[in-house]
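Some notes on the structure that comes next.
Here is the naming used below: chain letters follow the sequence lines, and residue numbers restart at 1 for every chain.
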Number of protein chains: 2
Amino acid sequence: MKYDPNVKQSRGIERTQRAFATAMFDSLAEKPFDKITVNALCEKADYPRATFYNYFDDKFDLLNFCWFKLGQDTHLDVTNTQENKLTIKETFAQIYKLFEDYQSLLLSIIENNPLDSSLVNHFVRHFTDVIYASIKNSVDTKAIHTPSELVAQHCSTTIIEILKWIYLGQHKVTLEEAETYLTELLSGPIHLQKDKQ
Amino acid sequence: MKYDPNVKQSRGIERTQRAFATAMFDSLAEKPFDKITVNALCEKADYPRATFYNYFDDKFDLLNFCWFKLGQDTHLDVTNTQENKLTIKETFAQIYKLFEDYQSLLLSIIENNPLDSSLVNHFVRHFTDVIYASIKNSVDTKAIHTPSELVAQHCSTTIIEILKWIYLGQHKVTLEEAETYLTELLSGPIHLQKDKQ
DNA sequence: TCCATACTTGGACAGTTGTAAAAATACAAA
DNA sequence: TTTGTATTTTTACAACTGTCCAAGTATGGA
């Protein structure tokens with residue numbers, strides 16, 4: 001990332017970055033990510049190419065910015081400080097809300113970008129990282145052998161997996177039902193042994 | 001994919017494809033994936049560019065071929081037919097062996113490609129799909145509400161998550177210990193509620 | 001051996017990428 | 001208003017990408 005999105009930028013810079021982000025979101029609803037060129041983004045945002053490279057390293061860097069803004073706009077607060085700990089369920093609910101808020105955007109993205117595309121992967125990875133940062137100090141591994149980082153990683157990917165299923169796979173369910181999935185997947189019991197037939 | 005790797009190719013074609021795969025593996029051990037150009041691969045494999053595009057759509061298509069060959073070479077057999085069902089544990093053991101066999105290759109790849117790079121993601125996605133195909137008919141969801149596809153997806157990502165931790169994150173443990181992780185992560189209990197302090 | 005067919009190769013092409021260095025512009029302090 | 005600084009834009013560049021076509025080369029059957 002060229003510019004840290006956490007530090008407040010001047011109005012002009014903010015506007016320019018927004019213009020590129022909007023161009024990206026619009027483009028994603030129109031065509032697959034790998035058909036989107038930096039040239040086309042500049043065309044749409046009405047800024048010269050050099051300005052694009054002024055703010056972003058490349059298309060992916062702009063994507064990072066886009067996902068970050070998504071979280072910022074929906075007042076996502078998954079920071080995990082000493083004072084402000086979030087449980088896994090609380091984090092889940094927050095991200096659920098984010099996906100809920102942006103479901104039409106997500107839907108239009110999915111139209112042009114298959115679930116196993118590099119774009120969806122990039123998106124998923126971003127929010128997995130966000131969730132990981134949020135819950136990493138909340139996992140309790142006193143009773144088990146698995147390292148806590150691995151458990152935290154597992155919880156993050158599970159949360160994303162469920163939301164991917166619901167919002168990207170288009171199997172809409174209520175938050176309560178989604179929470180049931182989460183409990184079942186994380187607290188078992190899933191049977192590892194299956195009788196051969 | 002331009003050529004289906006499942007159907008047996010003529011000797012010459014096989015040799016050419018292998019040459020490109022080898023060039024890719026060698027390059028991955030030398031530099032980050034996004035610094036590897038098709039030109040350089042052709043240089044290394046000593047074939048003209050047109051030949052590359054004869055067999056592969058692009059760099060990523062070659063990667064698919066590489067991962068497939070990895071599975072083929074280690075006699076990975078995770079096909080899941082009616083007659084030949086594999087349990088989750090059996091599948092886990094097979095993929096564990098594959099990672100074990102190629103640990104030096106994986107290590108050299110990790111040197112140049114961070115865990116969150118598009119390369120490692122591509123790799124992970126490939127084997128997640130392989131595992132999913134292997135176990136999708138083995139999951140037992142009679143006692144729970146979560147849809148079986150989601151459970152199967154969850155099991156696949158969990159298996160890969162553990163192997164990623166062990167072989168890409170360099171936390172070497174025995175198969176037995178790895179299986180303990182798998183049981184703990186899939187059959188719980190992971191505590192979702194954590195007392196606030 | 002010859003021929004037809006399939007595959008491989010070389011060269012050319014338009015479009016894209018990321019970088020660099022000037023030129024133009026905006027901005028803030030004196 | 002002027003001046004100095006920072007940012008934005010223009011322009012140019014070398015390299016890469018993916019496609020195309022025509023020429024070359026194998027290969028196997030008759």
I'd like to know whether B:F65 forms a ring-ring contact (aromatic ring centres under 6.0 Å, His included) with B:F52, so could you lay out the CA-CA distance, the side-chain angles of the two residues, the decisive distance to 0.1 Å, and finally the verdict. CA-CA 13 Å; B:F65 180 82; B:F52 177 90; over 10 Å; no
Between A:R125 and A:D129, does at least one N-O distance fall below 4.0 Å, as a salt bridge requires? no
For B:S27 against B:L41, the heavy-atom pair lying closest together: OG-CD2, 3.8 Å
To the nearest angstrom, the CZ-C1' distance between B:F60 and D:dC16 comes to 14 Å
Tell me which residues in residues 20-29 of chain B lie within less than 4.0 Å of DNA chain D, going by non-hydrogen atoms. none
Tell me: CD of B:E43 to P of D:dT17, nearest whole Å? 13 Å
B:D34 atom CG is separated from D:dA15 atom C1', nearest whole Å, by 16 Å
Ignoring hydrogens and angles, tell me if any N or O in the side chain of A:K89 forms a donor-acceptor pair with the backbone of A:E179 under 3.5 Å. no
Test A:D73 against A:R18 for salt bridge (Lys or Arg N to Asp or Glu O under 4.0 Å), laying out the working first. CA-CA 12 Å; A:D73 290 353; A:R18 282 275 179 190; 3.1 Å; yes
Looking at A:K172 and A:E177, is any side-chain nitrogen of the basic one under 4.0 Å from a carboxylate oxygen of the acidic one? no
Does the side chain of B:H145 pick up a donor-acceptor pair with the side chain of A:E184 at under 3.5 Å? yes
Reading nucleotides 9-28 of chain C 5' to 3', which nucleotides get B (base under 4.0 Å from a protein heavy atom), which S (sugar-phosphate only), which -? BB-----SBBB---------
Membership question, hydrophobic clusters at under 4.5 Å side-chain separation (ILVMFWY): are B:L107 and B:W165 in the same one? no
